[in-house]
Number of protein chains: 2
Amino acid sequence: MSKQERTKNLSIHDVAAQAGVSIATVSRVINGKDRVAAETRHRVEEAMRKLDFRPNRQARALGLRKTNTIGLVLPDLLGEFYSELMHGVDTAARDSHMNLMVIRAVGPEEEEAVCEEFLGSGAVDGLIFMISQLDDRAVHELARYKHSLLVIDRDLGDLGIDNVLVDNRSGGYEATMHLIEESRAKHLLFLGGPEENVDTRDRYLGFRDAVRRTGFSLGEEHFYRTDYSYENTFKLCEEKIIRRMAATKGRWGVVAANDDVARGMIDAALDENLGVPDRVAVVGYDDTRLARLARPQLTSMRIPLRELGRTALCLLRDRINGVRLEPSTIIFKGRLIKRRSSVPELPAFVKPGETSEKEQEYAASEVQKA
Amino acid sequence: MSKQERTKNLSIHDVAAQAGVSIATVSRVINGKDRVAAETRHRVEEAMRKLDFRPNRQARALGLRKTNTIGLVLPDLLGEFYSELMHGVDTAARDSHMNLMVIRAVGPEEEEAVCEEFLGSGAVDGLIFMISQLDDRAVHELARYKHSLLVIDRDLGDLGIDNVLVDNRSGGYEATMHLIEESRAKHLLFLGGPEENVDTRDRYLGFRDAVRRTGFSLGEEHFYRTDYSYENTFKLCEEKIIRRMAATKGRWGVVAANDDVARGMIDAALDENLGVPDRVAVVGYDDTRLARLARPQLTSMRIPLRELGRTALCLLRDRINGVRLEPSTIIFKGRLIKRRSSVPELPAFVKPGETSEKEQEYAASEVQKA
DNA sequence: ATGAAAGCGCTAACAC
DNA sequence: GTGTTAGCGCTTTCAT
């Protein structure tokens, strides 16, 4: 293997010359699909090895009109949620010999711009979108690229775009039922995220479903919004919520729209000597690492993010490659991981290794659209 | 803006025809550097707009021998550490109009393969490497691509490769001095990561520096290894360490190689009724979110990861573009964020908003290599 | 200031 | 089987 500093880039021509064949033949052995005489193939392979040749990606992509890379568009790169998702996508991408480009985009303008820039220019073969908010105009634009798009966690209806969703409504329902039935909560509270956030809306709908179904009687104020952060939730609770709880008899049940919010609630409660889960039972969402490491450990709705990422990539890959022509929608369900924050009967702390949560496979229900 | 479904891809030729000029002229207005008559330019721009034209990336890259994308090679995508780093790199990339490819690679073989595959094929212009372990052979291979490589957090010496480092030795030193002087620890312990981990080694060296400098007398076993995980640290402490601590008089000071390890130690201590920080003062590393949300809040060495990522990208970008010819090495220092876990005088919990830690700029010292 | 034409490195008809 | 050749869509001399 010659490792001399070469200033000149190698090309298929050099290999052809070295092996005494034409460039077409070299191309054939590189791509492996056309048939080449065994002996010729060996000569070419030998030549490639000798020259330490590596086909140029751009040229390849240009000829094939295919980059073998897909873009993952996220509103943010920070936080466990996105990491997990990215991990799932990356794993599948690597299995499919595709590359992953991460692209940050917030809001309809940026999202649309990303489509134009990356799909319009052929920089990537497809885009997996985690949309922050939805705006009708943006959606309409997206539809232009429907064959190379997949949208996560946002139901786009009948636009013909692939969708991978999380069933937030049933998740909210399940979390709430758990508080009512197992935690025997007498009062309920829902702590949601920002207004535009669709996850919050669906989880809240599930909350309402459970309330209606059980005939639970809700207090006046049973819905507060936060910005999804620990800090602001803490403040909110301290200022407006804790006092109310302290003044009431009977256990409160709180459905938080994510784990940070749940932790904010819990810490605020504990600071005012409201026992968790004795006086306040709390359920979080996403089952981040925080949930296990906190004390009391946090009951939380686990979303199979990695699996979701994997699925998204595989779906998109198949769509792009024409393996599948019709758009499809896959819905993932979460699973409630029950821990001490909502179950007085559980120990305050399950030691690592003695973990009772079994790693089960997540249930995914598939729905083929017409 | 015509939005008819076009099956045919547009090219520079279509624009040229539409504007009644040659493709060379179109290319010129796209690139903006060559001079074009104002009137012609307008006609071309108008044509591009009308056709909703977007130059093809691959073709461009092929012609220019430049992709405008850089790859970030990480051993893992999970965890706050990598998220923060990635965020920093991404921010700078977006500012520089470059794209970010994330690539996972663990161990020398994969790392080398990534170089070959991505740099050798011209898929990216450069690679930012976060090397997991180091192996002489791999390093040698890297040197081949030194002009398009930057290595983070691993001092490569004089290979001519750009380096962005974290001063782990002085970090370990500072953390240890803090335990000795401010926490008034009577016994010291270092809880490190896996054997191959170079961070652990340097932090430990700093620990030793502090011990020597103060003439502190170390017990027999003052160094344990874990796998950097909360769970296993917890077990290790429970089985081997806590008992020893409980049997001794005087406060223990523990330097943990990361926050998870620190939390494992703390929880194990608390479970055995060893007060933190009263009986055991603990300092973590990385200052992850965990540090603030834990109770007691964790003293931790903050590493300016975003800044580090930004710097890495800018450095690499300039090297690639020939703005800078000599390799450079930049060293970042951490900053110890003092919290309750090592300072009995501090409140158990600093409420959000009342945070005493000021967001200061991180100090970075630059060292130009010969 | 603009155009013609020769690459960039590869793929894919189409011939033989 | 293998070679010839015409693209892929853009950049960039080199003329004019």
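Every heavy atom of this structure was used, including side-chain atoms; hydrogens, water molecules and symmetry mates were not. These numbers were taken from a predicted model, which means no experiment stands behind them. Every chain is numbered from 1 and lettered A, B, ... according to where its sequence line falls, protein lines coming before strand lines.
If you take CZ of A:Arg65 and P of D:dC10, they are 12 Å apart, rounded to a whole angstrom. Atom NZ of A:Lys66 and atom C1' of C:dC10 are 16 Å apart (whole Å). At whole-Å resolution of the value, CZ in A:Arg43 and P in D:dG3 are 8 Å apart. Put simply, CD1 on A:Ile23 is 15 Å from P on D:dG7, counting in whole angstrom units. Rounded to an integer number of Å, the gap from B:His42 NE2 to C:dA1 P is 15 Å. Protein atom CZ of B:Arg57 is 18 Å distant from nucleotide atom C1' of C:dC8, rounded to whole Å. Between the CD1 atom of A:Ile12 and the C1' atom of D:dG7 there is a distance of 14 Å, rounded to whole Å. Across the protein-nucleic acid pair, A:Asn56 atom CG and C:dT11 atom P stand 10 Å apart, rounded to whole Å.
With sequence neighbours excluded, the residues that form a salt bridge (charged side-chain N to carboxylate O under 4.0 Å, His left out) with B:Glu46 are B:Arg49. Looking at residues two or more places apart in sequence or on another chain, you find a side chain to side chain contact (heavy atoms under 4.5 Å, CB included) between B:Ala312 and B:Ile128, B:Leu150, B:Ile152, B:Val164. Applying the side chain to side chain contact (heavy atoms under 4.5 Å, CB included) criterion to A:Arg317, with sequence neighbours excluded, gives A:Ser96, A:Met98, A:Cys314, A:Asn321. Listed by chain and residue number, A:Arg28 satisfy the salt bridge (charged side-chain N to carboxylate O under 4.0 Å, His left out) test with A:Asp34 (two or more places apart in sequence, or in another chain). With sequence neighbours excluded, the residues that form a side chain to side chain contact (heavy atoms under 4.5 Å, CB included) with B:Asp153 are B:Met130, B:Val166, B:Asn168, B:Asp199.
Of the listed nucleotides (C:dG3, C:dC10, D:dC10), C:dG3 has the atom at the smallest distance from the side chain of B:Ser22. Side-chain proximity of A:Ala24 to D:dG3, C:dT11, D:dG9: nearest is D:dG3. Among D:dG9, C:dC10, D:dT11, the nucleotide with an atom closest to any side-chain atom of B:Arg60 is D:dT11.
At the heavy-atom level, B:Leu62 lies under 4.0 Å from base atoms of the strands shown.
Within the helix from C:dA1-D:dT16 to C:dC16-D:dG1, the inter-axis angle between the opening and closing five-pair segments is 40°, rounded to 10°.
Applying a 4.0 Å cut-off to non-hydrogen atoms, the residues of residues 26-41 of chain A that approach DNA chain C are A:Ser27, A:Arg28, A:Asn31, listed by residue number.
Checked for salt-bridge contact, B:Lys50 and B:Asp14 miss the test: no charged N lies under 4.0 Å from a carboxylate O. Look at B:Glu117 and A:Arg54 and you find no salt bridge, because none of the NZ, NE, NH1 or NH2 atoms lies under 4.0 Å from a carboxylate O.
Applying the salt bridge (charged side-chain N to carboxylate O under 4.0 Å, His left out) rule to pairs touching residues 87-98 of chain A yields A:Asp90-B:Arg104, A:Arg94-B:Glu110, A:Asp95-A:Arg310, sequence neighbours excluded. Applying the salt bridge (charged side-chain N to carboxylate O under 4.0 Å, His left out) definition to pairs two or more places apart or across chains, those involving residues 59-70 of chain A are A:Lys66-A:Asp125.
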